[in-house]
Amino acid sequence: APIRGPVRTVAGNSAEDGIFTPIVKVTRNIMGAKEFNKLRGKGISLHSQVITEFCKQIGADNKRKQGLIRQAKKNGEKLGFL
(Lines give C-alpha, C1' and ligand atoms only; values in the text may rest on other atoms or scores of the structure.)
Protein backbone atom coordinates (compact mmCIF):
# COMPACT_ATOMS: atom_id res chain seq x y z
CA ALA A 1 0.00 0.00 0.00
CA PRO A 2 1.28 3.51 -0.76
CA ILE A 3 2.45 5.54 2.19
CA ARG A 4 0.59 8.77 2.67
CA GLY A 5 2.04 11.97 4.02
CA PRO A 6 0.76 13.64 7.17
CA VAL A 7 -2.78 14.97 7.21
CA ARG A 8 -2.86 18.75 7.19
CA THR A 9 -5.64 20.51 9.06
CA VAL A 10 -6.52 23.97 7.87
CA ALA A 11 -8.49 26.23 10.20
CA GLY A 12 -9.63 28.90 7.82
CA ASN A 13 -8.46 30.25 4.53
CA SER A 14 -6.75 33.51 3.81
CA ALA A 15 -8.90 35.46 1.41
CA GLU A 16 -6.62 38.44 0.98
CA ASP A 17 -8.84 40.50 -1.30
CA GLY A 18 -12.43 39.97 -0.17
CA ILE A 19 -14.61 42.93 0.66
CA PHE A 20 -14.92 41.80 4.31
CA THR A 21 -11.25 40.81 4.77
CA PRO A 22 -10.25 43.99 6.65
CA ILE A 23 -13.09 43.61 9.17
CA VAL A 24 -12.31 39.93 9.64
CA LYS A 25 -8.61 40.66 10.26
CA VAL A 26 -9.31 43.44 12.75
CA THR A 27 -11.84 41.28 14.60
CA ARG A 28 -9.39 38.37 14.73
CA ASN A 29 -6.67 40.67 16.08
CA ILE A 30 -8.98 42.08 18.76
CA MET A 31 -10.47 38.73 19.84
CA GLY A 32 -7.37 36.61 19.41
CA ALA A 33 -7.09 33.75 16.95
CA LYS A 34 -8.41 31.04 19.29
CA GLU A 35 -11.62 32.86 20.24
CA PHE A 36 -12.08 34.12 16.70
CA ASN A 37 -11.86 30.58 15.31
CA LYS A 38 -14.45 29.41 17.86
CA LEU A 39 -16.81 32.18 16.76
CA ARG A 40 -16.10 31.45 13.11
CA GLY A 41 -16.81 27.75 13.65
CA LYS A 42 -20.13 28.54 15.31
CA GLY A 43 -21.08 30.82 12.43
CA ILE A 44 -20.22 28.17 9.85
CA SER A 45 -22.17 25.55 11.82
CA LEU A 46 -25.25 27.78 12.06
CA HIS A 47 -25.09 28.58 8.36
CA SER A 48 -24.86 24.88 7.51
CA GLN A 49 -27.91 24.23 9.70
CA VAL A 50 -29.86 26.93 7.86
CA ILE A 51 -28.91 25.38 4.52
CA THR A 52 -29.95 21.92 5.82
CA GLU A 53 -33.34 23.21 6.99
CA PHE A 54 -33.87 25.01 3.69
CA CYS A 55 -33.11 21.80 1.78
CA LYS A 56 -35.57 19.87 3.95
CA GLN A 57 -38.29 22.44 3.25
CA ILE A 58 -37.85 22.30 -0.50
CA GLY A 59 -37.21 18.54 -0.65
CA ALA A 60 -33.63 18.79 -1.92
CA ASP A 61 -31.50 15.65 -1.62
CA ASN A 62 -28.15 15.38 0.18
CA LYS A 63 -26.17 15.86 -3.02
CA ARG A 64 -27.88 19.20 -3.66
CA LYS A 65 -27.41 20.20 0.02
CA GLN A 66 -23.68 19.46 -0.13
CA GLY A 67 -23.44 21.49 -3.32
CA LEU A 68 -25.09 24.45 -1.62
CA ILE A 69 -22.73 24.16 1.37
CA ARG A 70 -19.70 24.04 -0.97
CA GLN A 71 -21.02 27.10 -2.82
CA ALA A 72 -21.49 28.96 0.47
CA LYS A 73 -17.86 28.19 1.34
CA LYS A 74 -16.66 29.49 -2.04
CA ASN A 75 -18.74 32.66 -1.63
CA GLY A 76 -17.34 33.17 1.87
CA GLU A 77 -13.82 32.89 0.51
CA LYS A 78 -14.51 35.41 -2.25
CA LEU A 79 -16.03 37.87 0.21
CA GLY A 80 -13.17 37.50 2.67
CA PHE A 81 -15.09 35.82 5.48
CA LEU A 82 -12.97 32.69 5.60
Side-chain angles (χ1 to χ4, degrees):
I3 298 173
R4 293 183 180 191
V7 175
R8 201 173 107 204
T9 303
V10 178
N13 301 311
S14 56
E16 296 295 329
D17 57 355
I19 190 169
F20 293 103
T21 300
I23 292 171
V24 170
K25 286 183 177 183
V26 168
T27 303
R28 183 176 44 223
N29 288 338
I30 292 170
M31 293 180 72
K34 185 176 180 179
E35 289 300 314
F36 176 80
N37 284 335
K38 277 192 213 177
L39 179 64
R40 179 182 169 274
K42 286 179 185 178
I44 291 170
S45 176
L46 288 171
H47 194 224
S48 294
Q49 289 173 16
V50 168
I51 292 170
T52 297
E53 287 302 314
F54 173 75
C55 288
K56 284 181 186 176
Q57 287 181 2
I58 66 168
D61 61 9
N62 280 336
K63 184 176 180 181
R64 175 77 40 113
K65 178 183 81 170
Q66 291 302 317
L68 289 172
I69 291 171
R70 275 192 295 278
Q71 187 62 48
K73 183 177 186 297
K74 288 178 187 176
N75 289 341
E77 290 170 356
K78 287 179 186 175
L79 292 172
F81 282 123
L82 300 177

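Residue numbers count from 1 along this sequence. Only this structure's heavy atoms are used, side chains among them; waters, hydrogens and symmetry mates stay out.
- Of the possible polar contacts, none joining the Ser45 side chain to the Lys42 backbone as a donor-acceptor pair under 3.5 Å is found.
- If you take CD1 on Ile44 and CZ on Phe81, they are separated by 11.0 Å, rounding to the nearest 0.5 Å.
- From Ile58, atom CD1 reaches atom CZ of Arg64 across 7.5 Å, with rounding to the nearest 0.5 Å.
- Note that NZ of Lys74 is 14.0 Å distant from CG of Leu79, once rounded to the nearest 0.5 Å.
- Rounding to the nearest 0.5 Å places OG1 of Thr52 at 10.5 Å from NE2 of His47.
- When hydrophobic residues (I, L, V, M, F, W, Y) are linked wherever their side-chain heavy atoms come within less than 4.5 Å, the members clustered with Ile30 are Val26.
- Remark: Lys38 pairs with Glu35 by the salt bridge (charged side-chain N to carboxylate O under 4.0 Å, His left out) rule, at least two apart or across chains.
- Between Gly80 and Thr21, the shortest heavy-atom distance links the atoms CA-OG1, 3.2 Å.
- In this view, Lys56 and Glu53 satisfy the salt bridge (charged side-chain N to carboxylate O under 4.0 Å, His left out) rule, not counting sequence neighbours.
- With a 4.5 Å cut-off on side-chain heavy atoms, Val50 and Leu46 do not count as touching.
- Residues satisfying the side-chain contact (heavy atoms from CB on, under 4.5 Å) test with Gln57, not counting sequence neighbours, are none.
- Proximity of Arg70 to Lys73: side-chain heavy atoms (C-beta onward) are nowhere separated by under 4.5 Å.
- Transitive grouping of hydrophobic side chains (ILVMFWY, heavy atoms separated by less than 4.5 Å) brings Met31 and Val24 into a common cluster.
- For Ile69, the side-chain contact (heavy atoms from CB on, under 4.5 Å) partners two or more places apart in sequence, or in a different chain, are Ser48, Ile51, Lys65, Gln66.
- A single hydrophobic cluster is seen to contain both Phe20 and Phe36, as judged by linkage of ILVMFWY side chains at heavy-atom distances under 4.5 Å, directly or through other members.
- Not a single ring pair (Phe, Tyr, Trp, His ring centres under 6.0 Å) links Phe54 to another residue, sequence neighbours left out.
- Within the model, atoms NZ of Lys25 and OG1 of Thr27 stand 12.5 Å from one another, a figure rounded to the nearest 0.5 Å.
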